[in-house]
Amino acid sequence: MSARFIPTTVHKRDEFSETISGHLENAPDEKLVLRKLDGVPFWAKPIAAFLARKETRALRVVTGIKGTPDLISEDKSGILRSWSEGMPLNLSKPGTAEFYKDAKRILREMRRRNVTHNDLAKPQNWLMDPNGLAQVIDFQLATLHRRRGIIFRIMAYEDLRHLLKQKRRYAKHLMTPAELRVVTRKSLPTRIWMVTGKRLYNAVTRGIFNWSDGEGTGNRIATDGSAITEKLMAHPDVTDVTLSPFALPAKGMGIYAFVETTLDATQTRALISETQVELIQPVPALPNRDVLELIAMNRLDELEQLLTTAPDLRETVAPIVANRLNLTDRRLEGI
């Protein structure tokens with residue numbers, strides 16, 4: 001990368017990469033995303049390199065398709081791409097025909113270039129942009145096919161089926177009878193994977209490495225969340241608790257606890273040790289979990305977009321943002 005990348009916010013971290021937004025030193029107004037690879041642990045380097053090669057090949061080919069990221073550069077330190085403006089589907093919950101028509105257009109253009117995404121079951125990999133149109137991100141598992149054989153056709157079918165599953169979840173009233181049939185018809189390889197390979201994959205990643213593929217959250221909230229919540233709720237002045245993952249300034253993922261309570265910050269911090277919960281913030285009222293995760297992970301641009309469409313949330317959210325404790329976006333220069 002010729003110009004120095006200036007990081008601003010860590011969005012996601014797992015064993016295979018970090019996803020960081022920022023800008024080039026000579027272009028501060030152009031927001032970019034770096035998938036940082038040089039901090040990967042030694043045992044994960046072969047897998048990280050494999051995923052990076054897949055992503056780079058796919059991004060080279062899809063660059064120029066409206067609604068997909070453009071590849072800016074890549075080297076041993078990471079993959080730099082354009083920023084995709086929008087909110088994930090689990091937050092935006094698109095209910096318009098225009099969004100799904102545009103999403104199908106993206107899949108058609110990817111198919112014309114022999115690319116399948118292979119990870120569109122995650123609503124976080126679909127974004128709705130400020131104009132209500134679709135964006136697709138995260139090409140780590142994408143495949144660039146040499147020819148349009150049976151494997152290509154199966155993977156393209158699964159990409160479409162996963163889009164239609166999102167449509168059924170957020171806009172079922174728009175589903176056609178043909179689309180409803182596609183959603184329920186998994187391809188044969190997918191059915192085989194679900195009862196064989198996926199079970200082994202889960203056993204290895206979650207059992208051996210204590211890792212899940214849920215947006216880099218690790219498995220700490222899944223394994224320790226109930227005990228943490230129970231401990232906090234045991235105090236008579238605590239009425240509700242929401243736990244969220246966030247990227248620690250150096251390595252790994254931490255737990256950020258939002259606690260609905262009348263206690264002050266010092267009293268709330270005393271409820272549980274920092275080894276169990278790295279950050280704990282008292283709040284007067286809790287909005288929904290998705291909103292709190294945006295605050296915990298410093299995704300404030302997306303939060304502002306959400307508040308524009310749901311202004312009734314602003315009064316509840318404003319004091320939480322004002323007193324947020326994850327300030328890594330102010331301490332990242334020099335990474």
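Computed over heavy atoms, backbone and side chain alike; hydrogens, waters and symmetry mates excluded.
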Subject >> Approximate separation, where rounding is to 0.5 Å, of L163 CG and E179 CD >> reply: 8.0 Å
Original post:
Could you walk me through whether T229 and V241 pass the side-chain contact (heavy atoms from CB on, under 4.5 Å) check?
Top reply: CA-CA 6 Å; T229 300; V241 174; 4.2 Å; yes
Original post:
Out of curiosity, L294 CG to N298 CG, how far, rounded to the nearest 0.5 Å?
Top reply: 10.5 Å
Original post:
From K172 NZ over to R168 CZ, what is the distance, rounded to the nearest 0.5 angstrom?
Top reply: 7.0 Å
Original post:
Within the side chain of R269, is there an N or O that forms a donor-acceptor pair under 3.5 Å with the backbone of D264?
Top reply: no
Original post:
For the hydrophobic clusters of this structure (ILVMFWY residues joined by side-chain heavy atoms under 4.5 Å, transitively), does one cluster hold both L127 and F139?
Top reply: no
Original post:
Where the side chain of D119 meets the backbone of A142, is there a donor-acceptor pair that is under 3.5 Å apart?
Top reply: no
Original post:
Okay, side chain of D129, backbone of N131: is any donor-acceptor separation there less than 3.5 Å?
Top reply: yes
Subject >> From R35, R57, R60, residue fulfilling salt bridge (Lys or Arg N to Asp or Glu O under 4.0 Å) relative to E74 >> reply: R60
Subject >> Of R289, Q166, Q124, the residue whose pairing with N90 passes side chain to side chain contact (heavy atoms under 4.5 Å, CB included) >> reply: Q124
Original post:
Does some side-chain heavy atom of K36 sit less than 4.5 Å from a side-chain heavy atom of P7?
Top reply: no
Subject >> Backbone of T8 reached by a side-chain donor or acceptor of H23 within 3.5 Å >> reply: no
**OP:** Would you check if T261 and Q267 make a side-chain contact, meaning some heavy-atom pair closer than 4.5 Å?
**Re:** no
Subject >> Side-chain heavy atoms of T68 within contact of E109, under 4.5 Å >> reply: no
Subject >> Donor-acceptor under 3.5 Å (R81 side chain, P69 main chain) >> reply: no
Subject >> Lys/Arg-Asp/Glu bridge criterion (N-O < 4.0 Å) met for K31, D301 >> reply: yes
Subject >> Atom pair CG/OG1 of N326 and T9 - distance to nearest 0.5 Å >> reply: 8.5 Å
Original post:
With the 4.5 Å side-chain cut-off for hydrophobic clustering, are I65 and F99 part of the same group?
Top reply: yes
Original post:
Is there a path of hydrophobic side-chain contacts, each under 4.5 Å between heavy atoms of I, L, V, M, F, W or Y residues, that connects I221 with L232?
Top reply: yes
Subject >> V136 reachable from F152 in the ILVMFWY side-chain graph, under 4.5 Å edges >> reply: no
Subject >> H145/M155 under side-chain contact (heavy atoms from CB on, under 4.5 Å): CA gap, chis, key distance, verdict >> reply: CA-CA 10 Å; H145 301 260; M155 288 184 170; 3.4 Å; yes
**OP:** Could you give me the CA-CA distance, side-chain angles and deciding distance for V291 and L303, then say whether side-chain contact (heavy atoms from CB on, under 4.5 Å) is met?
**Re:** CA-CA 7 Å; V291 169; L303 177 63; 3.9 Å; yes
Subject >> Residue pair V183 / K167, side-chain heavy-atom distance below 4.5 Å >> reply: no
Subject >> Side-chain touch R314/E304, heavy atoms, less than 4.5 angstrom >> reply: yes
Original post:
Given side chains that start at C-beta, do those of E55 and Q140 come closer than 4.5 Å, heavy atoms only?
Top reply: yes
Original post:
Considering residues, nucleotides and ligands other than K45, do more than 12 of their heavy atoms fall under 6.0 Å from its NZ?
Top reply: yes
**OP:** Using a 4.5 Å cut-off on heavy atoms from C-beta on, say whether the side chain of L89 contacts that of P94.
**Re:** yes
**OP:** Could you walk me through whether Y170 and Y100 pass side-chain contact (heavy atoms from CB on, under 4.5 Å), step by step?
**Re:** CA-CA 10 Å; Y170 300 115; Y100 298 100; 3.5 Å; yes
Original post:
Near L180 CG, under 6.0 Å, is it more than 12 heavy atoms from other residues, nucleotides or ligands?
Top reply: yes
**OP:** For the residue pair E18 and D38, establish whether any side-chain heavy-atom pair is separated by less than 4.5 Å.
**Re:** no
Original post:
What distance do I280 atom CD1 and F258 atom CZ have between them, rounded to the nearest 0.5 Å?
Top reply: 11.0 Å
**OP:** Nearest 0.5 Å please: distance from the OG atom of S92 over to the CD atom of Q305.
**Re:** 8.0 Å
**OP:** Report whether L71 and V115 are members of the same hydrophobic cluster (ILVMFWY, side-chain heavy atoms less than 4.5 Å apart, transitive linking).
**Re:** yes
**OP:** Examine distances only and state if a side-chain atom of N118 and a backbone atom of D159 form a donor-acceptor pair shorter than 3.5 Å.
**Re:** no
Original post:
Quick one: do K101 and E98 make a salt bridge, cutoff under 4.0 Å?
Top reply: no
